[in-house]
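Below: one structure, written as structure tokens.
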Protein chains: 2
Amino acid sequence: MTPRIFIVDDHPMVVEGMRSMLQQLPSVEVCGHATNARSCMGYFVNNTADIVLLDINLPDESGIDVCKLLLQQKPGLKIIALTNFDQLTYIQRMKDAGAKGYLLKNSTLDEIEQAIVAIMNGQEYWLGRDNLRDSLKDNNQLLLTRREVEVLKLIAEGLTNPEIADKLFVSASTIDSHRKSLISKLQVKNTAALIRTALENKII
Amino acid sequence: MTPRIFIVDDHPMVVEGMRSMLQQLPSVEVCGHATNARSCMGYFVNNTADIVLLDINLPDESGIDVCKLLLQQKPGLKIIALTNFDQLTYIQRMKDAGAKGYLLKNSTLDEIEQAIVAIMNGQEYWLGRDNLRDSLKDNNQLLLTRREVEVLKLIAEGLTNPEIADKLFVSASTIDSHRKSLISKLQVKNTAALIRTALENKII
DNA sequence: TTATCCTTCCCCTTAAAAGGGGATTTTAGT
DNA sequence: ACTAAAATCCCCTTTTAAGGGGAAGGATAA
């Protein structure tokens, strides 16, 4: 039996990319997608799926709440959280909400397949626990804070420390500190590489 | 009759992305792809297609030469050049080589469809002439030179001017000049925004 | 409640980038 | 051969960023 997969993400590009990758897996079928919580819930009123790939960040409601609601409605659903690099802090809450695993949005086809196979076999898929999060954390603290991501986005827009400081009503020293943490956490040596790494890992 | 399209690009991601977008067009069929000039030529020994989406940069031979060779072998082929932002200078040569149009690699599905429809109707598709290239050039000279792109990539890797200078065996002043041209041409105010713009426009 | 992390802020120094010029020599296309 | 564009190099100044510290207040979760 081929698992039917429903994709929920507010970025059409992510949906398309994921759909295109899943289509390369013969044993899998994409049964639909939604770009917000409401249309996702709408789908599951009259339809169903085996696996839901669920983004944590949705425009209208948090993926965590959507996860809970979906499982109330369809207890058999297997939900895999879709997350970005910077949102790994939320995976614990997705787990608590009943998700069976998670995937980074920049996962390879192999990783996606592994996750689906594991979940369909009744296992869970939390490679972050041992592989990603912790290994990265051990190395150099890779989880960005909310403020850091906020500053990072402004840096990428071309603002200088003083300009960002003005915008966020803090001192330039503070922004300088954030910039230093960013450079240290992402293990790069300057802002140019920081922006590149951030974009390539879909942090911003 | 549904046009059969052959994709030639050395980046698997571009091939996959293009294939996935083309599959959304009901009136189009992707008949194959190649990631280098040799396998492309090999395909056309025993097979054919209606339209070839041909990258200008191939690992083994220039897209311009491939274009000429293909048209010698299959005069009826309609070739559309696939180019990046920074390679627009080459479109004239692709035109001379017999191509019927060109598409940027970050084109939308609409643009791709327009190009295909136009080409299948016997027209050509050179929107760059009036839309892209000139409008951008008028504004602030947007075409990057080979050297500028080379420097840009090293900047994105986190190298400083002196480091890049060492690597390219030129003086740091030279790299400084290139960096200034890049910032001016892409109309950004610093390196952070430069890298972001470069990545978002697939210049690097 | 304590420990941890986040956010905030400051000091210092040095290195690099930005902003403004100008100028020369290659390279390549007409 | 000529010309336009590209690539090279230099001057100057000011502003930012980077690299090294440290430290205080607040939130929050075990």
Side-chain angles (χ1 to χ4, degrees), chain A residues 86 88-93 95-96 133 137-138 140-152 154-196, chain B residues 62 64 86-93 95-97 133 137 140-152 154-197:
Chain A
D86 62 317
L88 290 177
T89 36
Y90 299 109
I91 59 167
Q92 185 58 48
R93 288 196 231 165
K95 203 172 178 177
D96 296 339
R133 185 174 180 174
K137 197 168 186 177
D138 284 350
N140 217 346
Q141 296 254 351
L142 191 29
L143 306 177
L144 303 187
T145 66
R146 241 163 307 141
R147 198 55 153 176
E148 281 163 356
V149 175
E150 194 177 4
V151 170
L152 179 50
L154 295 173
I155 293 175
E157 283 175 21
L159 303 194
T160 65
N161 288 346
E163 288 167 347
I164 298 173
D166 268 4
K167 197 152 196 165
L168 300 184
F169 305 106
V170 294
S171 100
S173 320
T174 303
I175 307 301
D176 188 53
S177 293
H178 289 315
R179 191 186 287 253
K180 286 172 182 170
S181 317
L182 286 164
I183 286 177
S184 147
K185 285 187 177 180
L186 296 193
Q187 292 172 268
V188 292
K189 39 176 301 199
N190 60 27
T191 299
L194 173 69
I195 299 303
R196 184 200 181 193
Chain B
S62 96
I64 293 156
D86 61 316
Q87 302 167 325
L88 289 178
T89 36
Y90 298 109
I91 59 166
Q92 184 58 48
R93 288 196 233 165
K95 201 171 179 177
D96 296 339
R133 183 175 181 173
K137 195 168 186 178
N140 216 347
Q141 296 254 350
L142 191 29
L143 306 177
L144 303 187
T145 66
R146 238 163 309 142
R147 198 55 153 177
E148 280 163 357
V149 176
E150 195 176 2
V151 171
L152 179 52
L154 295 173
I155 293 175
E157 283 175 21
L159 303 195
T160 65
N161 288 345
E163 287 166 347
I164 297 172
D166 268 4
K167 197 152 196 165
L168 301 183
F169 304 107
V170 294
S171 99
S173 319
T174 304
I175 307 302
D176 187 54
S177 294
H178 289 314
R179 192 187 285 253
K180 285 172 183 170
S181 321
L182 286 165
I183 286 177
S184 147
K185 285 188 178 182
L186 296 193
Q187 293 172 268
V188 292
K189 39 176 300 201
N190 59 28
T191 299
L194 173 68
I195 299 304
R196 184 201 181 193
T197 302

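The basis for the numbers below is simple: all heavy atoms, side chains too, and nothing from hydrogens, waters or symmetry mates. Convention: sequence-line order gives letters A, B, ...; per-chain numbering from 1. Note that the coordinates shown come from a computational prediction; the quantities given were computed from them, not determined experimentally.
The side chain of A:R146 approaches C:dT7 more closely than any other nucleotide in the set C:dT7, C:dA17, C:dC9. Set against C:dT7, C:dA18, D:dT8, the side chain of A:R147 has C:dT7 as its closest nucleotide. Distances from the side chain of B:T191 to the nucleotides D:dT8, C:dA17, D:dA17 place C:dA17 closest.
In terms of heavy-atom proximity, A:I164 sits nearest to A:L159 at CG1-CB, 3.5 Å. Taking every heavy atom of both residues into account, B:A172 and B:P162 meet most closely at CB-CA, 4.2 Å.
Rounded to a whole Å, the NE2 atom of A:H178 is 17 Å from the P atom of C:dC5. When rounded to the nearest whole Å, the span between CG of B:N161 and P of D:dT8 equals 13 Å. Here C:dT8 presents its P atom at 10 Å from CD of A:E148, a figure rounded to the nearest Å. The separation between B:D166 atom CG and D:dC9 atom P is 12 Å, rounded to whole Å. When the P atom of D:dT13 is taken as reference, atom NZ of B:K180 falls 14 Å away, rounded to whole Å. Atom CD1 of B:I175 is separated from atom P of C:dA18 by 14 Å (rounded to the nearest Å). Per the geometry, CG belonging to A:D176 stands 11 Å off C1' belonging to D:dG20, to the nearest Å. For A:K167 and C:dT8, the NZ to C1' distance is 20 Å, given to the nearest whole Å.
Along DNA chain D, the nucleotide nearest to A:V188 and the one nearest to A:E163 differ in position, and the one closer to the 5' end is contacted by A:E163. For the pair A:I183 and B:A172, nearest-nucleotide mapping onto DNA chain D gives the more 5' position to B:A172.
Looking at A:L182 and A:I155, their side chains come closer than 4.5 Å, going by heavy atoms from C-beta outward.
Here A:S177 lies in heavy-atom contact (under 4.0 Å) with a base. Looking at heavy-atom distances under 4.0 Å, B:T174 makes contact with a base. In this structure, B:K189 reaches the sugar-phosphate backbone alone: every heavy-atom distance under 4.0 Å involves primed, P, OP1 or OP2 atoms, never a base. When heavy atoms are screened at a 4.0 angstrom cut-off, A:S171 is found touching the sugar-phosphate backbone but no base atom. At a threshold of 4.0 angstrom between heavy atoms, the contacts of B:S173 include nucleobase atoms, whether or not backbone atoms are also involved.
In this structure, B:E148 CD and B:R146 CZ are separated by 11.0 Å, a value rounded to the nearest 0.5 Å. Atom NZ of residue A:K189 and atom CD of residue B:E163 lie 3.0 Å apart, to the nearest 0.5 angstrom.
Regarding contacts with the backbone of C:dC5, every side-chain N or O of A:T145 stays at 4.0 angstrom or more from both OP1 and OP2. The phosphate of D:dA17 has OP1 or OP2 within less than 4.0 Å of a side-chain N or O from A:R179.
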